[in-house]
Undergrad: 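Quick one: structure below, then a few questions.
Being a predicted model, the structure only gives us computed values, none of them experimental. For the numbers below, each heavy atom of this structure counts, side chains included, while hydrogens, waters and symmetry mates do not.
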Amino acid sequence: MKTPRCRYTLLPSLLEETLSLEPEEADEQESQDWTGTDIPVLFTEDFHEPVLNGQSNIMREEEIRKLVPHLPLRVTGHPWNLIYGTAKDGFSLKTMYRSMTDVASPVLLVIKDTDGQIFGAFSSTAIHISSCFYGNGETFLFSFMPQLKVFKWTGKNMFFMKGDADSLAIGGGSGKFGLWLDGDLNHGGSHPCETFNNEALSPKEEFLIQDLEVWALD
């Protein structure tokens, strides 16, 4: 594992492309069926315990209990399969992409930073490299602050997710990303963005990653 450095830099390529790239056509059509909200959603519903195939180093039953009701109904009752974790697979965005090569289901990205804050994103599809934004209105951001806050799609744009070999961005607008990760999975950032009308997910808008996991919900 690399020793995290304290310098953090947003890649110009992603900043320049945020407003110019269009979502993939298939996802654009699908996203019309979803509505967004500007209001963070707080946990109020019943708990449906999923079967976890793997041991999480980040989430306890308490976090899972609060998060599950906010997932789309189509994944309710599906097992959670740990397909990537920095604790066992190392810190590499490319390795994370490769872990989802054969995954067709939605995924849950969960992060714990070096300050102990837990946050992440639900993606309507497996995370992959793409020249344009992809995903649909199921995608959302969340953070435990320590109470769970869920930030749903606002409908203002469709900048759900875009990744290349050097970075991953989730949510965007006006050059700001709701969640951003570098290629080494050492550094990240979170800013309010138009896609989700979210707060910064971490107390620090620029953070260092302690642990990261990806769960396939299939």
Side-chain angles (χ1 to χ4, degrees), residues 1-12 14-15 18 36-44 56-71 84-87 90-93 96 107-123 127 139-154 156-157 159-163 166-215:
M1 170 179 171
K2 296 184 178 180
T3 301
R5 295 172 295 174
C6 295
R7 182 177 179 79
Y8 168 90
T9 306
L10 282 178
L11 296 181
L14 275 176
L15 285 172
T18 299
T37 176
D38 294 340
I39 304 173
V41 181
L42 300 181
F43 166 73
T44 58
S56 178
N57 288 335
I58 301 176
M59 293 184 295
R60 302 167 297 171
E61 182 178 326
E62 178 183 355
E63 283 82 33
I64 297 172
R65 180 183 297 273
K66 292 179 178 180
L67 187 58
V68 164
H70 299 282
L71 300 175
Y84 175 81
T86 53
F91 288 73
S92 169
L93 184 60
M96 190 186 83
V107 298
L108 191 67
L109 172 69
V110 187
I111 299 167
K112 185 176 183 179
D113 67 17
T114 53
D115 291 322
Q117 181 70 22
I118 298 173
F119 51 92
F122 172 84
S123 172
I127 301 170
T139 306
F140 64 80
L141 298 175
F142 65 89
S143 180
F144 294 92
M145 301 186 173
Q147 185 179 30
L148 173 64
K149 288 188 176 182
V150 175
F151 302 96
K152 300 283 188 173
W153 179 42
T154 63
K156 293 182 179 180
N157 63 41
F159 299 142
F160 297 114
M161 188 167 299
K162 179 181 180 293
D166 299 312
S167 61
L168 172 68
I170 304 174
S174 303
K176 298 289 186 179
F177 300 116
L179 180 59
W180 181 90
L181 305 175
D182 74 357
D184 293 327
L185 295 184
N186 283 333
H187 300 85
S190 178
H191 301 81
C193 74
E194 296 173 0
T195 311
F196 303 109
N197 192 35
N198 59 288
E199 303 171 7
L201 304 180
S202 173
K204 297 178 180 177
E205 290 190 338
E206 301 173 1
F207 56 83
L208 299 177
I209 299 170
Q210 178 175 311
D211 283 302
L212 182 149
E213 296 173 350
V214 178
W215 296 81

Undergrad: Supply the atom-to-atom distance M96 CE to L212 CG, rounded to the nearest 0.5 angstrom.
TA: 6.5 Å
Undergrad: Any heavy-atom pair between the side chains of F122 and L67 that's under 4.5 Å?
TA: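 Side-chain contact under 4.5 Å: no.
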Undergrad: Residues two or more places apart in sequence or in another chain: which of them pass side-chain contact (heavy atoms from CB on, under 4.5 Å) with S143?
TA: Q117, F119, M145, L201
Undergrad: Judged by atom type as modelled, is there a donor-acceptor pair below 3.5 Å linking the side chain of N186 to the main-chain atoms of F91?
TA: no
Undergrad: I want to check something: taking the side chain as every heavy atom from C-beta on, are F144 and E62 in contact at a cut-off of under 4.5 Å?
TA: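 No; the side chains remain at least 4.5 Å from each other.
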Undergrad: Report the distance from atom CD1 of I118 to atom NZ of K112, rounding to the nearest 0.5 Å.
TA: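 That separation rounds to 5.5 Å.
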Undergrad: Can you measure from CG (D115) to NZ (K204) and round to the nearest 0.5 angstrom?
TA: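 D115 atom CG to K204 atom NZ measures 4.0 Å (nearest 0.5 Å).
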Undergrad: Working to the nearest 0.5 angstrom, can you tell me the gap between I209 CD1 and H187 NE2?
TA: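 Here the rounded value is 9.0 Å.
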Undergrad: Between E213 and N57, is there a donor-acceptor pair closer than 3.5 Å when you use the side chain of the first and the backbone of the second?
TA: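 Here the side-chain-to-backbone pair exists.
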Undergrad: Taking only residues two or more places apart in sequence or in another chain, which ones pass ring pair (Phe, Tyr, Trp, His ring centres under 6.0 Å) with Y84?
TA: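 So Y84 forms no ring pair (Phe, Tyr, Trp, His ring centres under 6.0 Å) with any residue.
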Undergrad: So, N198 side chain and C193 main chain: donor-acceptor pair closer than 3.5 Å or not?
TA: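 Indeed, once roles are kept as given, a pair shorter than 3.5 Å links the two residues.
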Undergrad: Counting only N and O atoms by type, is there a donor-acceptor contact under 3.5 Å from the side chain of S167 to the main-chain atoms of G183?
TA: no
Undergrad: For F142, give me all partners under ring pair (Phe, Tyr, Trp, His ring centres under 6.0 Å), at least two apart in sequence or on another chain.
TA: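 Applying ring pair (Phe, Tyr, Trp, His ring centres under 6.0 Å) to F142 gives none.
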Undergrad: Once rounded to the nearest 0.5 Å, what's the spacing between atom CG of L168 and atom CG of L185?
TA: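 Spacing of CG (L168) from CG (L185) equals 8.5 Å.
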Undergrad: Which value, rounded to the nearest 0.5 Å, describes the distance between Q210 atom CD and I111 atom CD1?
TA: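 Answer for the CD-CD1 pair, Q210 versus I111, is 12.5 Å.
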Undergrad: List the atom of S190, the atom of E199, and the distance in Å for their closest heavy-atom pair.
TA: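 Smallest heavy-atom distance, with atoms named: OG-O, 4.2 Å.
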Undergrad: Set out, in order, the CA-CA distance, both residues' side-chain angles and the distance that settles salt bridge (Lys or Arg N to Asp or Glu O under 4.0 Å) for E63 and R60, then state yes or no.
TA: CA-CA 5 Å; E63 283 82 33; R60 302 167 297 171; 2.7 Å; yes
Undergrad: Do F151 and N197 have side chains that approach each other closer than 4.5 Å (heavy atoms only, starting at C-beta)?
TA: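 In short, these two side chains do not touch, never coming nearer than 4.5 Å.
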Undergrad: Would you name the heavy atoms of N157 and F159 that are closest together and state the gap between them?
TA: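 The pair with the smallest heavy-atom distance is OD1-N, 3.2 Å.
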Undergrad: What's the shortest heavy-atom distance between F177 and A169, and which atoms?
TA: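 Of all heavy-atom pairs spanning F177 and A169, the closest is CD2-CB, 3.6 Å.
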Undergrad: Just do the side-chain contact (heavy atoms from CB on, under 4.5 Å) check on F140 and T195 with the steps written out, would you?
TA: CA-CA 9 Å; F140 64 80; T195 311; over 6 Å; no
Undergrad: Which pair of non-hydrogen atoms, one from W215 and one from S56, has the smallest distance, and what is that distance?
TA: CZ2-CB, 3.6 Å
Undergrad: Taking only residues two or more places apart in sequence or in another chain, which ones pass side chain to side chain donor-acceptor pair (under 3.5 Å) with D113?
TA: S202
